[in-house]
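Worksheet for the structure shown next.
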2 protein chains.
Amino acid sequence: MLFLGTIENKLDQKGRISVPADFRMVVKNSTFQGVILFHSFTNKCIEGCSMERMEMLSDATDNLDLFSEENDNLNSLIFSDARQLSFDVTGRIVIPSDLLEFAGIKNSALFVGKGKTFQIWNPDEFNKFQNNVRKKAFDARPSLSFKKE
Amino acid sequence: MLFLGTIENKLDQKGRISVPADFRMVVKNSTFQGVILFHSFTNKCIEGCSMERMEMLSDATDNLDLFSEENDNLNSLIFSDARQLSFDVTGRIVIPSDLLEFAGIKNSALFVGKGKTFQIWNPDEFNKFQNNVRKKAFDARPSLSFKKE
DNA sequence: TTGACAACCATAAAATACCATAATATTATT
DNA sequence: AATAATATTATGGTATTTTATGGTTGTCAA
């Protein structure tokens, strides 16, 4: 199962927001009924994934080197920053305020499927980003975008 | 199993449409009883495939690199646009309205087999497209089109 | 005792399951 | 081979469930 599509949901005054049903389905068989969130390293948005994915990341970065400063820094960046947020009965989470601020999210947020992971964006910010990505893809491969007659 | 042939079916007022029985057979042994749909990057139509195929794509693009902007952009193009649609009891799906608009589909749609994938077209648009393709093939290779006796 | 937070209850809208039927194809029978 | 019987589709309408969202209460700790 993959995180697919983009769904916009609202934050209520208590900061709660529904995780899209399709996204909840992805972690349905997971031990942890919730998601992991952390700052994105590439964009002005929040990164999200399942606990299983986080464990894979851990396995990938873990080289058992207790003396590697680089390794320590990387783990610090990723794991100390990550929060596990469990769903309430109706499938909502409360996104920590520092993450909301980082992503510039106020009243509503966009859940963006990325396959094995997902992101949470300010809807307007994502529009800008997506247009930019499409433009870049277009510039890189014009032959795919416009077939000559 | 492959997606083969072209079948035209109707949309009802609720936007439901039967996925051709032969197409449903292709994903019969899949864990996810449904199809993945997304905008075509090359034509005015909807692209479709099985969840397995989407997972293969995911495996191919997934590199666990949290710092790769390029990878992030690629995933954004592919997965943020895709929807998983499961069959109802009679084998129907509801195609999201934005995809219908993109492909210019109103009352009926044409399922076009492409082997490992398929497409969904406005029937008239597909005719135009098909004629164009034939014309191009004709222009390119007149010698193949008219065999002398 | 106040403020943060979790558990609980409620509801409108949207999505999906359910039931029914008509059209088509497939098989069986004579 | 012709026709009857059966199964499988595609399609239409209704009922039920799920989802997203809002509000209230209870609990624990500062």
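The analysis underlying the following values was restricted to heavy atoms, covering all of them including side chains, and did not include hydrogens, waters or symmetry mates. Within every chain, numbering begins at 1; the chains are lettered A, B, ... in the order of the sequence lines, protein sequences first and strands thereafter.
When distances are taken from the side chain of B:Lys10 to each of C:dC18, D:dA20, D:dT11, the shortest belongs to D:dT11. For A:Arg16, the listed nucleotide lying nearest its side chain is D:dG22; candidates were D:dG22, D:dT9, C:dA17.
Rounded to whole angstrom, the span from the CZ atom of A:Phe87 across to the C1' atom of D:dT18 amounts to 15 Å. One interatomic measurement links the two molecules: CZ of A:Phe111 to C1' of D:dT19, which rounds to 13 Å at whole-angstrom precision. Regarding B:Asp88, its CG atom lies at a distance of 12 Å from the C1' atom of C:dC19, rounded to whole Å. Between A:Asn9 atom CG and D:dT18 atom C1' there is a gap of 14 Å when expressed in whole angstrom units. Across the protein-nucleic acid pair, A:Asn107 atom CG and D:dG22 atom C1' stand 15 Å apart, rounded to whole Å. Distance, A:Gln13 CD to C:dG3 P: 16 Å, rounded to whole Å. For B:Asp12 and D:dG13, the CG to P distance is 8 Å, given to the nearest whole Å. One interatomic measurement links the two molecules: CD1 of B:Ile7 to P of C:dT24, which rounds to 15 Å at whole-angstrom precision.
Donor-acceptor pairing under 3.5 Å is recorded for the side chains of A:Gln130 and B:Ser76. Counting only N and O atoms by type, the side chains of B:Glu69 and A:Thr42 include no donor and acceptor under 3.5 Å apart. Remark: the B:Ser108 side chain and the B:Glu8 side chain contain an N/O donor-acceptor pair separated by less than 3.5 Å. With hydrogens and angles left out, the side-chain atoms of A:Glu47 and A:Ser40 include a donor and acceptor closer than 3.5 Å. One side chain, B:Asn75 or B:Thr61, offers a donor N or O that lies under 3.5 Å from an acceptor on the other.
Legend: residues meeting side-chain contact (heavy atoms from CB on, under 4.5 Å) with A:Glu125, ordered by chain and number and at least two apart, are A:Lys44, A:Trp121, A:Asn122, A:Lys128.
Heavy atoms of A:Thr90 sit under 4.0 angstrom from at least one base atom.
The ring of A:Phe3 has its center no closer than 6.0 angstrom to the ring center of B:Phe79.
When the C1' atoms of four end pairs are superposed on the next four at each end of the helix from C:dT1-D:dA30 to C:dT30-D:dA1, using five pairs per end, the two resulting axes differ in direction by 40°, to 10°.
For the pair B:Arg92 and A:Glu8, both in contact range of DNA chain D, the more 5′-proximal nearest nucleotide belongs to B:Arg92.
Residue side chain B:Lys14 reaches the base of C:dT16 through a donor-acceptor N/O pair under 3.5 Å, judged by distance alone.
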